[in-house]
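A short worksheet on the structure shown next.
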Amino acid sequence: MSRWERFLDSFFNAEVIAAYLPSIVDGFFLTIYLALLIVLAGIALGLALALVRSLQVRAINLLIVFFVDLLRALPPLVIILIFYFGLPNIDIRMSGFVATWLSLTLVLAAFSEEIFWAGILAVQKGQWEASRSTGLGYLQTLAYVVLPQAIRLTIPPLTNRTIAITKGTALGSVVAVAEILNQATTAQSFSGNASPLMLGAIAYLILFLPVVVLGRWIETRFAWRRQ
Amino acid sequence: MTATGNGHVMLRVRDLRKSFGDLEVLKGVDLEVVDRELVFIIGPSGSGKSTLLRCCNRLEEPTGGTIEVDGVDLLARDTDINAMRRRIGMVFQSFNLYPHMTARGNVTLALRKVLRKPRAEAEAIAGEALAKVGLADKRDAYPSELSGGQQQRVAIARALALEPKIMLFDEPTSALDPELVGGVLNVMRDMREAGMTMVVVSHEMQFARAAADRVVFMDEGVIVEQGPPEHIFAAPAHRRTREFVSEIQRH
Ligand SMILES: Nc1ncnc2c1ncn2[C@@H]1O[C@H](COP(=O)(O)OP(=O)(O)O)[C@@H](O)[C@H]1O
Ligand SMILES: [Mg+2]
């Protein structure tokens, strides 16, 4: 066998691909499902925390900052392992799926809270004052004047962060979540062939490349004319 | 003395005090502005002029004293501050237009969300207000597409559309290139002629001479003296006023 044939046989072996494609496809859809749940819950929670923080209640803000910093400092895998292997010791049990979802949701919430908060702060004080001086309330000002401006500022960093964290769904493979990487490594050890890993890589590309492109599009779409 | 109508007091400030931490910025200010009056406030930078205006719609919370607008105690617990604020127009040095909305959007926001006007009615009112400031043709322009003078006129229209009882101007022309100042002052002159009650912090002396009923000189958190423009500018009674007036006349 030539070197080229050996390469094809190890990485793109037709038989192995045919045998394990269905399980990779299953993993693909599970990953999409998990990623969507993380993005929805993480960004919603992050925005909610940033809004609470804007109320400027000192004790609550200290608490938010503490947890946000904690979650940003810990490697996500450590959090997943604590939830999955640690919490059962105090009789809190969750599946690997839930442990992965919860961990990454919290991490995304922490990062997006910081991003939203920075966006809210970046809106000039004069915008609040102009709006309040015409009789709009605090929440109305936030909703119609401040957030539309803040969110435009947050789109680029938020997109990047969201992509980075949803790729972390691969960590679920460690706690037996049957997502792409888990399916691929299982298939790889059964078949003794690297083709499933290539399939997994392709699945990730199919999943995330459009998201990266979409992020770029949103970025230009949301950048409004400024002086 | 004043070109006022019925002498009804529109704004009454009594013994107003405001501190930022240890810094006392307003040290007991008394000011009355009657219906249709145009009062000019001058004074050195840091003397508390902006703080005084900002207390008058509670963008700053006074530390002491009372403020009444059209007979309503602005600082009372049961006063609906948002309802009061829409009757107190405020124009800022830095315009503060909403950059993500067109000129018309800037004007209609409060009409729709505070006064709950239907869209068509709000847009009709906004159209009128923009026409009053000479910008009927700019209603679909974003702030970034307007000159500073045009932006400030949109900001005036935004306040005017809410039919305020009194308008507060905080250095409305000092961020503008000289050639754009006239357009804003013309709008203010029209408003005065239409009978608007106005308090204007500004150093536009010529405009003050031509249009102000009264000029108030503030220094270090107190009103040092006040009177008709010809009196304050030509024959001030206090040394500090004299020094300040000759200082700004040199520029
Ligand atoms: N939010 C604030 N916090 C602390 N100090 C302030 C604040 N706003 C104004 N000051 C201070 O109050 C004084 C008066 O300010 P201001 O009313 O803006 O004066 P003016 O408009 O006459 O220039 C200044 O010394 C200023 O630094
Ligand atoms: Mg000022």
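Fair warning: this is a prediction, and the values are worked out from it, not measured in the lab. Chain A is the first sequence line, chain B the second, and so forth, proteins listed ahead of strands; every chain is numbered from 1.
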Aromatic ring pairing A:Tyr204/A:Phe208, orientation class (parallel under 30°, perpendicular over 60°, tilted between) = parallel

Between A:Ser133 and B:Asn57 the two heavy atoms that sit nearest each other are CB-ND2, 3.7 Å

Should A:Tyr84 and A:Thr100 be marked as a side-chain hydrogen bond (donor to acceptor under 3.5 Å, both in side chains) after you check the CA-CA gap, both sets of side-chain angles, and the distance that decides it?
-> CA-CA 8 Å; A:Tyr84 189 70; A:Thr100 308; over 6 Å; no

Is chain A contacted by the side chain of B:Met101, its backbone, both, or neither, given a heavy-atom distance below 4.5 Å?
-> side chain

Against chain A, work out which of B:Leu168, B:Asp80, B:Leu162, B:Asn96 has the most heavy-atom pairs shorter than 4.5 Å and name it.
-> B:Asn96

Quick one: what part of A:Gln127 sits under 4.5 Å from any heavy atom of chain B, side chain, backbone, both or neither?
-> both

Could you tell me whether B:Glu163 atom CD has more than 12 heavy atoms of other residues or ligands within 6.0 Å of it?
-> no

Contact class of B:Ile88 relative to chain A, heavy atoms under 4.5 angstrom | backbone

Side chain, backbone, both or neither of B:Phe92 within contact of chain A (heavy atoms, under 4.5 Å) | side chain

Hey, which of B:Arg87, B:Arg54, B:Met90 has the most heavy atom pairs under 4.5 Å with chain A?
-> B:Arg54

On the 0 to 90° scale, with breaks at 30° and 60°, tag the A:Phe97-A:Tyr33 ring pair as parallel, tilted or perpendicular.
-> parallel

